[in-house]
Amino acid sequence: MRLFLIPLLILLTACQSLPTDKKASESLSESELQRPDPHSLANFEDVVITHLKLELKTDFADKALKGHVVINYKKLNPDVKYMVLDTRDLKIRRVSLANDSKQQLSWQLGQAEATLGSALRIKLPEGEAAIRIDYQTHPKASGLQWLNPTQTATAKHPFLFSQSQAIHARSWIPLQDTPAVRFTYQAQIEVPSALRAVMSAKNNPEINPDGIYQFDMPQAIPSYLMAIAVGDLQYKKISEHVAIYAEQPFLEPAAYEFAKTEDMITAAEKLYGEYRWGDYDLLVLPPSFPFGGMENPRLSFITPTVIAGDRSLDSLIAHELAHSWSGNLVTNARWCDLWLNEGFTSYIEARLVEAVHGQQRMIMEAALNLQGLQKEMADLPEAEQRLSTCEVNLDSEDVFSGVAYDKGRFFLEWMEKQVGRADFDAFLNQYFDHFAFKSVTSKQFIAYLQENLMAQHADKLPLDIVNTWIYGPGLPDVLYVPVTDKFEVINDNIAAWHNGTRNLADIETDKWTTQEWLHFLRALPTPLDKQTMQQLDKTFDLSNSQNSEIAHDWLLLSIRYHYEPAYSRLIKYLTTIGRMKLIVPLYKAMMETDELQHLAQRIYQKARPGYHPLAQSAVDPIVNHQSDNL
């Protein structure tokens, strides 16, 4: 999942006074402000959530989830008097004992802090008795998107889906919203009878005519993996572990596109041990989903923009599946160590792609990723080029760059090549088993690495180079640069066409993969005049490409070189999908071109209502749109 800089505008929430407890109404102390996770207000080092039980009703008219959550917890500090939870824009109705809702507890909802939300401070009852919180969400909750019927594939029913990562779970559940805390959960979700509810838990494939769905998640997960979706969803089982949930138009295409998922699970288990989550289902979301995928356990959320018809983009499935080991099973304890989730996952993704689709495709994707990473790092300050950014005061969204994903992947690949695959795979198996269902930091990882791999390969894994990878800017000189003959053939064809010894029509593209097309478009000689753009379009019909990745790169070229025949496709593209990786660069390119700024603003005015709140927050400052979130 790729994220962009997303400033969040938080609605101020009025404080609830405490008539029965004067101390609870006072401001948080200085010691409480020295938080172990700078992106959480919770006091999870003193008291930690162990289990949630949700009972919520979806109200599409009010665009709100309404109901309550019961929280079980454990005191880590026997003297702790209060539990502090993370919330954002929640309307807290009451806090009481779970087994006696008439017995209310003292509580206070603090003033909203920028990006963090409001601390919900609750006086703990005696004996670790479970706490019930009655509440409802705000219509513009940052972690929820409510779609009207016209924004769905069938245009018949509304749709709801969540996006909790990084710190948006607090906008639909009061909890300890930090990856350092893991808990199990159960839920009862009531939806309109024509719709189905699914969650990041065990899902029942049967439709319940009364609209009430029960869920159980017996494995402990961090808050960012809490997920819910409600819509006119169909179900199709495609293999032992895998089923598809999707609106009807996406169901069969997705079943074909993701048919290799079971092979990926088999390959992953051979490499890294048992898949510990039971089912691995895929939910195809409406096109407004702002990311490629989200690794919610048991039910990964997937964008329809990867349904290309030829399985050429299913490396995204490999990525989300890989999170079942790196991220979901062993989790970064803080977002500043995101590479422990995403770098490991990108490495495992590459191994799965190689196992299922062959080494050449893996290398092509690596080469494209390295190109993108180098381009991205050229615009990042040195402090943000490090894998671990815990010494930098970054917003939780700012850590999601190619550094965590691709630099992290290349670091692990370097270690693999230094010690050999057999030893490195054995180390990863041991690592995943040792830290299973736990959260770790970079320092913990380095200590474990030193004891269990570096000690056996001291000459091949020097500590100074390991530290350079993790704490240094840029890419170390020891990086193994991916090179593929397939791209060299394309380069030769482009050179021959450019010097007039070969026609475009003579370049054999019939068997090209998406990766080859992307390299071709990115390797074209620049600048390109209108006649050349017309020639490329006429020969390869690029303006009509239904492959979202190829179309994206072609539209970037069309903006850069003012190729007006592609503008109608540009408008349709931006008004029918909301994946930030694809739409944000296009808006940026238009706004950097004087004559296209007005077009960008007109397109965005039409497209914005259908974008996820996170996508709106990313694009608003680009097109100088006055946000309506306040």
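The chain is numbered in sequence order, starting from 1. All heavy atoms count here, side chains included; hydrogens, waters and symmetry mates do not.
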Side chains of [X] and [Y]: does their closest heavy-atom pair fall under 4.5 Å?
X	Y	answer
S118	E113	no
L97	Q103	yes
L271	R351	yes
L329	R276	yes
L76	V47	no
K438	R182	no
Y213	V191	yes
V198	L283	yes

Return yes if a side-chain donor-acceptor contact under 3.5 Å exists between [X] and [Y], otherwise no.
X	Y	value
D177	S40	no
D337	T441	no
S300	Y280	yes
S200	N296	no
H168	S142	yes
H68	Q136	no
N341	Y224	yes
H39	R334	no

At what distance, to the nearest 0.5 angstrom, does CD of E55 lie from CD1 of I212? 8.5 Å
CG-CG distance between N208 and L195, expressed to the nearest 0.5 angstrom: 12.5 Å
Assign the ring pair [X] / [Y] to parallel, tilted or perpendicular, where the plane angle (0 to 90°) is split at 30° and 60°.
X	Y	value
H319	H323	perpendicular
F289	F301	perpendicular
F411	W339	tilted
Y448	F435	perpendicular
Y272	F432	perpendicular

Could you tell me whether R121 sits above the aromatic face of Y82, with NZ or CZ closer than 6.0 angstrom to the six-membered ring centre and within 45 degrees of the axis? yes
Ring centroid separation for F44 and Y73, is it under 6.0 angstrom? no
NZ/NE/NH1/NH2 to OD/OE distance under 4.0 Å, [X] and [Y]:
X	Y	value
R93	D134	no
K66	D62	yes
K202	D279	yes

Out of H241, M264, E295, which residue meets the side-chain contact (heavy atoms from CB on, under 4.5 Å) rule with L321? M264
Report yes or no: does Q145 contribute a side-chain atom to a donor-acceptor pair with the main-chain N or O of F161 at less than 3.5 Å? no
Please indicate whether K75 has more than 12 foreign heavy atoms, meaning atoms of other residues, nucleotides or ligands, lying under 6.0 Å from its NZ. yes
Walk me through whether F344 and F445 qualify under ring pair (Phe, Tyr, Trp, His ring centres under 6.0 Å). CA-CA 12 Å; F344 277 70; F445 169 75; 5.4 Å; yes
Applying the ring pair (Phe, Tyr, Trp, His ring centres under 6.0 Å) test to F437, which of W277, W325, F183 qualifies? W277
